[in-house]
Amino acid sequence: MTGFDWGPLSLSLWLATVTTVILLALGTPLAWWLSRTRRPWRGPVEALVALPLVLPPTVLGFYLLIALGARGWPGKWWLQVTGDTLAFSFVGLVIGSVLYSLPFVVQPLQTSFEALPRAPLEAAATLGAGRLDRFVSIVLPMCRRGFLTASILGFAHTVGEFGVVLMIGGNIPGRTRVVSIAVYDHVESLNYPAAHQLSAVLLLFSFAVLLGVSWLNRRTGVEETRL
Amino acid sequence: MSLSIRLSGRRGRLDLDCDLTLPEHGVTAIFGPSGAGKTSLLRAVAGLERIDGRVALGSRVWQDTAARTWLPPERREVGFVFQEGALFPHLSVGGNLEYADRRATNGTGLERREVIAMVGLERLLERRPGELSAGQRQRVALGRALLARPRLLLLDEPLANLDREAREEILSALEALGRRFELPTLYVTHSWAEVDRLADQVVRLSGGKTEAPGAPQEIAAQIDPEGDWDGEIGVLVAAQVASHDEDLRLTELNFSGGKIRLPQRDLEVGRHLRVRFLARDISLTRQRAEETSILNIFSASVLEIRGAESSQPLVTLQVGEEVLLARISYGSLLALRLEPGSRVWAQVKGVALRP
């Protein structure tokens, strides 16, 4: 057997990393707003965020394919600006992954923001900490478990996604051929040894990540005592 | 130079209406029963709640609704000590103090070392808030508020959940503070003992309305002569004498929560009066007691549990239209599994009631 093909694996990890970073940047303000607002918008927005949990990936993928394709307006605009199609590209995959993994990041963050008592934030304000300062010095450290959970779930869910990627990414080596597609491909072509190899690597990787998380979680354990 | 507070607005079920001009030094106690709006007033001064009006300290206008001026709490330069301390659980004691020290913009007065010594925290700097007693936590909260170098210190019942010893520690620290600095202070409390000890002047607050400030001695003459404020909390309930039962030697009074029965007193039927229910005299049961010597049993629902972590939590009860307070032990709180909304029976011996 020749050398192991790292391409799909590294592409998957890169995709998941980019997606997680974007999701944390978008998901944090969204989750904060959802946890604090009392506006009637809250319900519909929450439902929208949770939609990928119940929607079949192929349905989401289908709509994305239409929007990102050369005839959808985002796809058309992208084509004009970059000269490249959005569908069947890495950027297209990132967009799809961000939408698909959104609830996995927003929901843990929202839960942890909602559990945050008001008193420390108010105390920080009276001590002279402005909004951003309070977020960095109080919310981030007190909600670090929430952020950790959100990052892990967002990352893991992106590595594991299949349906959406198949619909909008196809199977272009080095561009959109992520690991889940590669495994499927190997099985389809009855190349079981390759499928075995790739699956085993992914299995070990996932286990190692979860083990690392639980270790990290124990070390940085938030104080149990609530004040 | 003075602190002027003019606020009026609705806060929940309370209409706050406050017009105060206070000197810019010394301790002013805001004194009144629970539910009078003391905490809302203090929070509004700090900018933690928005109530329309004008608040200014000397030439600094913190808010003026008419002029559309509003400074958020972080720009008001106040020190706020919350009832429960509100320490940052993820920082050590030293870290909590440092947090305030680093953000202080007003360079005057207090040295970090001096503050730490005054509240007696030298040996606790490495500890986490979770490892501290309630009294120690409150000392950290006080030290932290001072290190923000406030122009106005706001204390919201800082001794409410402390035992006698811890109270004494904080009281002495506050006294030392008063001697050492001319920091203007608003001190919210419902304990007359604290007023007596700390306040230069007192503002009474009831039903959301403030009265003119006065010296503690003046105000003391106006409040209930029985002086039950001193440590022991009680509630006055409006009632009307309904009848006398000569056979059982009882006097019956009507109030919105039912009938009050007490050992016979020489009271005119139809007379309106107020009956004092002391928090320590009220006990709670889940099932209505049968065959008991207790004369008064009222159906009640739990509104709030204060000091739930202390050895003697205070349970606020809705009885008819009245709010009663019951001081029970922590063990009873657990045994009865009380929480806001629980239905209970509040019982009080007739001999404990004083019309």
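The model shown is predicted, which means the values in this text are computed figures rather than measured ones. Naming convention: chains lettered A, B, ... in sequence-line order (proteins, then strands); numbering from 1 in each chain.
- For chain A, the option among B:Arg144, B:Glu74, B:Arg43, B:Arg75 with the highest count of heavy-atom pairs below 4.5 Å is B:Glu74.
- Judged by distance alone, the side chain of B:His90 and the main-chain N or O of A:Ser137 form a donor-acceptor pair under 3.5 Å.
- Between the side chains of A:Ser101 and A:Thr158, at least one donor N or O lies within less than 3.5 Å of an accepting N or O.
- Looking at A:Arg118, the atoms closer than 4.5 Å to chain B (heavy atoms on both sides) all sit in the side chain, from C-beta outward.
- Taking the six-membered ring where the residue is Trp, A:Phe90 and A:Trp14 present parallel rings, their angle staying beneath 30° rather than reaching 60°.
- Checked by atom type and distance alone, the side chain of B:Gln138 pairs as donor or acceptor with a backbone atom of B:Pro158 at under 3.5 Å.
- Within the 4.5 angstrom heavy-atom criterion, no atom of B:Arg102 approaches chain A.
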